[in-house]
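Just below is one structure, and these are the notes that go with it.
Note that the coordinates shown come from a computational prediction; the quantities given were computed from them, not determined experimentally.
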Amino acid sequence: MVIEEITGRIARDLEHLKQYTATPGNGCTRLPFTKEARKAVDYLKELMHEIDLEVSEDAAGNVFGVLKGEDLDAPCVMMGSHYDSVTNGGDYDGIAGVICAIEVARLLREKGLKPKRSFVAAGFNDEEGMRFGTGYFGSGAMLGHRDVEYTKKFCDKDGISIYDAMKEYGLVPEHISDAAWEDGKIGSFLEVHIEQGPVLDTEGIELGLVDCIVGIQRYMVTVNGRADHAGTTPMDMRMDAVDAATKVISKIADWAREKADGTVATVGYINTVPGGMNIVAEKVEFTVDIRSRNNDNINDIAARIKKALERETAEYGGSYEIENKLTITPVELSAEMLDIMEEECKELGYSYKRMLSGAGHDALEIGQNLPTVMLFLPSKDGRSHCPVEFTKYSDFAKGTVIMQKLAEELLVK
């Protein structure tokens with residue numbers, strides 16, 4: 001199979017999927033449990049049926065296509081990514097990895113390989129966490145990490161819970177545990193993804209072999225004060241939630257800079273209540289996202305934030321709440337699979353480098369439990385989570401070829 005044919009099919013499928021967005025002309029907005037998500041899943045199912053895979057959709061909204069091996073009891077090789085997006089995001093983040101997985105299954109089928117174990121192409125639901133502020137919903141459910149109480153706990157900006165969104169989508173939240181795979185059924189997990197950063201594009205390198213994915217902790221912080229008149233309330237008599245919150249927020253980035261190991265910390269959302277220009281704020285809500293390959297760095301920054309909140313709110317008699325939205329530890333990826341991929345890159349003449357992933361992926365959730373590997377493809381100018389996100393279709397084809405060769409080695413073991 002020539003690379004041009006693979007490129008053409010991937011281009012066809014990704015161009016088709018671009019239409020499934022709630023924001024036409026302004027990037028991809030494909031949030032979980034929406035009509036856009038349903039249309040994307042239906043198209044993925046069509047592609048899987050086209051190459052005679054055994055197709056299913058589970059209780060969490062994940063979609064799977066199985067190329068059966070000779071030994072159905074042998075742990076499968078799974079490859080995939082997610083089909084949801086952020087708001088006004090790009091057309092390749094996540095979904096391209098699903099298309100590459102289906103293309104690998106197609107190539108294996110066309111080659112007439114008789115694998116010992118099954119190959120599974122997977123499309124996971126709600127990796128981004130954009131709608132409900134969580135993340136890794138589908139892959140977590142596959143691992144048995146989500147239950148019905150989880151679906152009732154988190155809501156979107158309109159107050160719709162995951163539970164209610166699932167019901168509207170046609171799923172039964174009480175059956176979420178059915179999405180869990182039995183221990184030992186998955187032997188390894190492979191994921192192709194755009195880099196979402198500038199390294200490969202800047203250095204002119206074709207492929208990134210990911211050896212570690214950073215851990216992540218996410219928090220929603222609420223600082224409580226008292227609403228007062230901005231002109232008549234003296235500074236020393238205020239319970240100003242903004243004053244306290246910003247004193248904490250201003251330190252967070254510096255605490256991350258003190259660390260090594262790819263540590264970053266981001267305050268990505270701030271909301272003041274009541275939000276009037278001439279009113280002392282009664283409440284401030286803000287998010288914190290902390291990431292590092294060293295979990296001690298993450299824990300230390302989280303502890304500093306809590307200590308600073310305690311100090312600043314006590315200063316004026318206020319209070320705070322801090323809600324953990326996500327905790328996931330860093331994961332070192334499979335050295336054995338990385339070595340195989342490195343040899344394949346050398347054999348095919350593709351330039352490559354081993355690198356850290358500063359973004360979380362389904363591979364981060366799955367890699368906590370199973371041998372996992374990731375392959376990065378260049379993002380033009382490092383841009384992602386925005387409408388100008390772009391990766392060449394020929395680069396997706398190169399990644400597909402590398403993963404096909406890796407899958408072949410794993411399938412016959």
Side-chain angles (χ1 to χ4, degrees), residues 7-51 53 55-65 79-106 121-132 134-139 141 156-158 160 162 164-171 191-194 196 361-362 377 379-380 383-393 396 400:
T7 301
R9 286 200 296 249
I10 291 172
R12 175 201 67 185
D13 295 336
L14 289 176
E15 287 295 324
H16 182 91
L17 284 158
K18 285 181 180 181
Q19 67 186 293
Y20 302 136
T21 172
T23 53
N26 191 20
C28 182
T29 302
R30 190 184 303 124
L31 301 183
F33 311 116
T34 61
K35 64 180 184 297
E36 295 80 25
R38 170 52 62 201
K39 289 176 181 177
V41 166
D42 287 346
Y43 184 70
L44 295 174
K45 288 180 177 179
E46 286 179 26
L47 295 177
M48 292 173 176
H49 281 299
E50 187 179 283
I51 53 176
L53 302 183
V55 182
S56 63
E57 182 176 349
D58 71 12
N62 300 319
V63 59
F64 299 100
M79 178 178 171
S81 192
H82 60 98
Y83 59 79
D84 63 304
S85 78
V86 298
T87 302
N88 305 118
D91 294 315
Y92 309 101
D93 175 8
I95 191 66
V98 184
I99 293 301
C100 289
I102 295 172
E103 185 63 19
V104 167
R106 183 192 298 272
F124 296 114
N125 183 23
D126 195 12
E127 181 266 1
E128 295 287 2
M130 173 59 63
R131 181 175 178 184
F132 303 103
T134 53
Y136 315 110
F137 179 76
S139 51
D156 66 13
K157 61 181 177 58
D158 297 316
I160 299 171
I162 298 175
D164 289 333
M166 290 179 71
K167 290 174 67 176
E168 180 68 21
Y169 190 69
L171 299 174
E191 184 170 7
V192 169
H193 206 283
I194 60 172
Q196 301 182 282
H361 302 280
D362 288 302
L377 306 173
S379 295
K380 181 174 172 51
R383 303 296 303 282
S384 182
H385 279 189
C386 58
V388 300
E389 175 183 280
F390 180 75
T391 294
K392 292 187 288 187
Y393 293 128
F396 289 121
T400 298

Side chains of [X] and [Y], heavy atoms from C-beta outward: is any pair under 4.5 Å?
{"X": "Leu171", "Y": "Phe33", "answer": "yes"}
{"X": "Pro387", "Y": "Asn26", "answer": "yes"}
{"X": "Asp126", "Y": "Thr134", "answer": "yes"}
{"X": "Val192", "Y": "Leu377", "answer": "yes"}

Polar contact flag, side-chain donor to acceptor under 3.5 angstrom, Gln196-Ser379: no

Please walk me through it: do Ile99 and Leu47 pass side chain to side chain contact (heavy atoms under 4.5 Å, CB included)? CA-CA 9 Å; Ile99 293 301; Leu47 295 177; 3.7 Å; yes

Any chance you could lay out the salt bridge (charged side-chain N to carboxylate O under 4.0 Å, His left out) test for Glu36 and Lys39, step after step, and finish with the verdict? CA-CA 5 Å; Glu36 295 80 25; Lys39 289 176 181 177; over 6 Å; no

Once salt bridge (charged side-chain N to carboxylate O under 4.0 Å, His left out) is applied, do any residues pair with Asp13, and if so which ones, sequence neighbours excluded? none

Can you list the residues that meet the salt bridge (charged side-chain N to carboxylate O under 4.0 Å, His left out) rule with Glu57, with sequence neighbours excluded? Arg38, Lys45

Looking at Glu50, I'd like to know if its CD atom is crowded, meaning that more than 12 non-hydrogen atoms belonging to other residues, nucleotides or ligands lie closer than 6.0 Å. yes

Just jot down the side-chain contact (heavy atoms from CB on, under 4.5 Å) partners of Ala105, sequence neighbours excluded, or say none. Ile51, Leu53, Phe119

Member of Leu44, Asn125, Asp58 meeting the side-chain contact (heavy atoms from CB on, under 4.5 Å) criterion with Val63: Leu44

Using side-chain contact (heavy atoms from CB on, under 4.5 Å) as the criterion, point out the one residue from Asp84, Thr87, Asp156 that pairs with Met130. Thr87

Can you name the residues that form a ring pair (Phe, Tyr, Trp, His ring centres under 6.0 Å) with Phe64, not counting sequence neighbours? Trp181

The ring pair (Phe, Tyr, Trp, His ring centres under 6.0 Å) partners of Tyr20 (sequence neighbours excluded) come to His16

Hey, could you give me each pair passing salt bridge (charged side-chain N to carboxylate O under 4.0 Å, His left out) that has a residue in residues 14-34? Not counting sequence neighbours. Glu15-Lys18

Separation of Phe396 CZ from Thr391 OG1 (nearest 0.5 Å): 4.5 Å

